[in-house]
Amino acid sequence: MKLKRTHTCGEIAVTDAGTEVVLSGWVENKRDHGGMLFVDLKDRYGITQVVFDPQRNEALYAEGKELKPESVISIRGVVQRRPEGNVNPDRKTGEIEIIAEEVEVLNRSATPPFEIVDDCGASEEVRMKYRYLDLRRDVMRENIIFRHRVYQSMRRYLSEEGFIEVETPTLIKSTPEGARDYLVPSRKFSGRFFALPQSPQIFKQLLMIAGFDRYFQIARCYRDEDIRADRQPEFTQLDIEMTFVDEDDVIAMNEGQVRFLMKDLLGIEVGTPFKRLAFDEALKKYGLDAPDIRFGMTLVDVSDVCADAGFKVFQAVVASGGIVAGINAKGASNYSRRQLDELTAYVGEYGAKGLVWFKVEEEGGTNVLKSPTAKFFDEGRQQKIIEKTKAEAGDLLLFVADGPDVARTAVGRLRVRLARQLDLIPKNTFELCWVTEFPMFEVDEESGRLAARHHPFTSPTPATVDDLEKKPLRVRARAYDLVVNGVEIAGGSIRINTPELQRRVFKALGIGEKEAGEKFGFLIEALKYGAPPHGGIAYGFDRFVAILRGIDRIRDVIAFPKTTTAQCLLSGAPSPVDEKQLEELKLKIIRERDSSER
RNA sequence: GGGGUCGUAGCUCAACUUGGUUAGAGUAUCGGACUGUCGAUCCGAGGGUUGCGGGUUCGAGUCCCGUCGGCCCCGCCA
């Protein structure tokens, strides 16, 4: 490296005209006019145009002609104000250019597999394989730099609020509940394994017991479950825990933080306090526990109207404890048969067995329901449905009859899908709300046992704690989720801080004294020694960054993400390992017969 | 575990309904022309085991089965 850079490619201005500079960067683009050659030189900070003029220096012009896109070079030259009429107003450095005097090619680039431009058109597969090139694109670089700003804002805010950043271990004890663990074999103890943490949960509680009072960590977490657009096998949490607090304290602190972050990162003022919705209310009105409250179209329950109407399908569902839930898609009565079939297929994905629709039409001065199903509803019932759904002529009513969970989920999803289709969602707004009063437990379909809805360290509410033994499904948790535009971005709870209550909750979960001792003995033990009341929250950091940037996939805000099969296309991980490594760990790979024949 | 969708030139796609001669285009690359461009422009050239394996057929990019991979979704994700 002969030439040492004096400036970056984004900072030279007209006031620098006449000075000699050295720039280093990548060849973004080359425009050769025969008698004049322009090279755009790019680095993280910007793009500067370099001019090669054969009349000034023919040999240098010849060198410039040989420059390949994406090569790294250094240029020595003199800053010049661009001739009149040649200013590029779209570029920060568009008023100046560099007259090249010397070029040093630091590393000539092979032809890249795709063009390094925002609209590169390359598939995600190719982009992930060549992620270092993908990250050279402006959008991706800005995503990553924005992410950096989010880290810094969080750290600044929390530090000023008295929170201490502490790292917790990533080689930890595997616990039975929750997601599947990623396991790491121990060499010193063959046959034993560490797990990678699904969250720093227990350790942050131990920090509270240790008296740190206020803790945070930007922590990597690992869950070996199937991937989605908003889920990665390893992801980042902003993890927070506080002592001597109740729900309102944690909520207030986080409202302050989110308000600060929105202002600091986006310049947006959000009002506090945020709306609060009880879990039951969220389900009834929106069908989902992460409601998108940017628009209305709330769910309507017409079970009572359908209970004794002539429509057998609905009757049977209501008779067996199900419900008939629906929504009013305003002005959508022009939906075609094909569109309705698509919506039916869509609710089918969430387990609904069908979708009943009515088009609302005016007939002789009154509104009536039109559809193949309408004949099963007499005039009185039709009017009740119209009344309940606040329907007007031109509306489309859609209903799902099923068990309460399936019906609400299906209609809740349908609501969001229709809102997108009908363009009901306001752009560039953030609607934040807290969902509270979650049930402590839910029935695990596979085992039929109770499972913690949040996690087994969540405290029940005082009002429902005594239902733990007899009516556990009625017990409510001191838990809260923060939902932004229908996306859950944070969740937390007030924790259990006595061994007695912790044992009762474990028992309700079917975790016996002995098992609890083996798996969580260290926590129960710790709760004996002056464990203070405490609670906290964890943000899905990647999701939070993504939603602030207005994108719905977290891969684009992660520098090196994994695919939906949890592989790294760049490095090829996971990969087989040497036999010697397995021997050291005393591990043997059992090959399935089928796969060995491949 | 299940459903959907895609896989053809370096990259993004086309080759249809209904299997049929030499698999096309844009872009990138290479060569040439050009004194002010900024996604420069113009002319020309090269570039293919149609992901992989098997089957059906006189004949397969196209149909069937399997498999690998990308993406989306259900289940799962305390």
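Chain naming here is simple, since letters A, B, ... match the order of the sequence lines and numbering starts at 1 in each.
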Please pick, from [options], the nucleotide with the shortest atom-to-atom distance to any side-chain atom of [X].
X	options	result
A:Val126	B:C73, B:U12, B:C76	B:U12
A:Arg555	B:C77, B:U12, B:C71	B:C71
A:Ala122	B:C38, B:C11, B:C77	B:C11
A:Gln567	B:U37, B:G70, B:U29	B:G70
A:Asp32	B:C11, B:C34, B:C71	B:C34
A:Pro113	B:C73, B:C38, B:G10	B:G10
A:Gln80	B:C34, B:G70, B:G36	B:G36
A:Thr564	B:G69, B:C38, B:C72	B:C72
A:His33	B:C38, B:C11, B:G36	B:G36

Atom [atom1] of [X] to atom [atom2] of [N]: distance rounded to whole Å?
X	N	atom1	atom2	answer
A:Arg180	B:C76	CZ	P	12 Å
A:Lys42	B:G39	NZ	P	14 Å
A:Arg127	B:U12	CZ	C1'	14 Å
A:Arg543	B:C77	CZ	P	14 Å
A:Tyr350	B:G75	OH	P	8 Å
A:Glu124	B:C71	CD	P	6 Å
A:Glu58	B:U35	CD	P	13 Å

Can you tell me if [X] touches the phosphate of [N], counting only side-chain N or O atoms and a distance under 4.0 Å to OP1 or OP2?
X	N	result
A:Thr563	B:G70	yes
A:Thr111	B:U29	no
A:Arg223	B:C76	no
A:Ser123	B:U12	yes

**Message:** I need the A:Glu513 CD to A:Arg503 CZ distance, nearest 0.5 Å.
**Reply:** 5.0 Å

**Fill in**
OH (A:Tyr222) and CG (A:Leu183) are apart, to the nearest 0.5 Å, by 13.5 Å

Side chains of [Y] and [X]: any donor to acceptor distance under 3.5 Å?
X	Y	answer
A:Asp239	A:Tyr215	yes
A:Asp467	A:Thr464	no
A:Asp32	A:Tyr61	yes

**Request:** Report the C-alpha separation of A:Gln502 and A:Phe457 in whole Å, then their side-chain angles, then the decisive distance to 0.1 Å, and conclude whether the side-chain contact (heavy atoms from CB on, under 4.5 Å) test is met.
**Result:** CA-CA 7 Å; A:Gln502 188 65 71; A:Phe457 319 112; 3.7 Å; yes

**Asked** Does the side-chain ring of A:Phe114 lie flat on the base of B:C11, meaning centres under 5.5 Å and planes less than 30 degrees apart?
**Response** no

If the [atom1] atom of [N] is compared with that of [M], how far apart are they to the nearest Å?
N	M	atom1	answer
B:C72	B:U29	P	30 Å
B:U37	B:G47	P	36 Å
B:G26	B:C71	P	31 Å

**Item:** N-O pairing of A:Asp230 and A:Arg553 below 4.0 Å
**Value:** no

**Prompt:** What one-letter contact string describes nucleotides 44-51 of chain B from 5' to 3', where B marks a base within less than 4.0 Å of any protein heavy atom, S marks contact via sugar-phosphate atoms alone, and - marks no contact?
**Reply:** --------

Test for a donor-acceptor pair under 3.5 Å between the base of [N] and the side chain of [X], counting only N and O atoms.
X	N	result
A:Glu28	B:G39	no
A:Glu115	B:U27	no
A:Arg231	B:C76	yes
A:Asp226	B:G75	yes
A:Arg82	B:U37	yes

**Prompt:** Using purine N1 to pyrimidine N3 plus N6-O4 or O6-N4 for Watson-Crick, or N1-O2 and O6-N3 for G-U wobble, both under 3.5 Å, which nucleotide pairs with B:G69?
**Reply:** B:C6

**Request:** If B:C16 has a Watson-Crick or G-U wobble mate with both distances under 3.5 Å, name it; if not, just say none.
**Result:** none

**Prompt:** For A:Pro112, which contact category applies under a 4.0 Å heavy-atom criterion: base, sugar-phosphate, or nothing?
**Reply:** nothing

**Request:** Please confirm whether A:Phe38 and A:Phe52 have ring centers closer than 6.0 angstrom.
**Result:** no

**Asked** Between A:Met36 and A:Lys30, which has a closest nucleotide on RNA chain B that is more 5'?
**Response** A:Met36

Using a 3.5 Å cut-off and no angle test, enumerate the donor-acceptor pairs between side-chain atoms of residues 534-542 of chain A and protein atoms at least two apart in sequence or in another chain.
residue, atom, partner, partner atom, Å
A:His534, ND1, A:Pro532, O, 2.8
A:His534, NE2, A:Gln205, NE2, 3.2
A:Tyr539, OH, A:Asn254, OD1, 2.6
A:Tyr539, OH, A:Gln257, NE2, 3.3
A:Asp542, OD1, A:Arg147, NH1, 2.8
A:Asp542, OD1, A:Arg147, NH2, 3.1
A:Asp542, OD2, A:Thr236, N, 2.8

**Fill in**
Residues at least two apart in sequence or cross-chain that pass salt bridge (Lys or Arg N to Asp or Glu O under 4.0 Å) with A:Glu142, listed by chain then number, are none

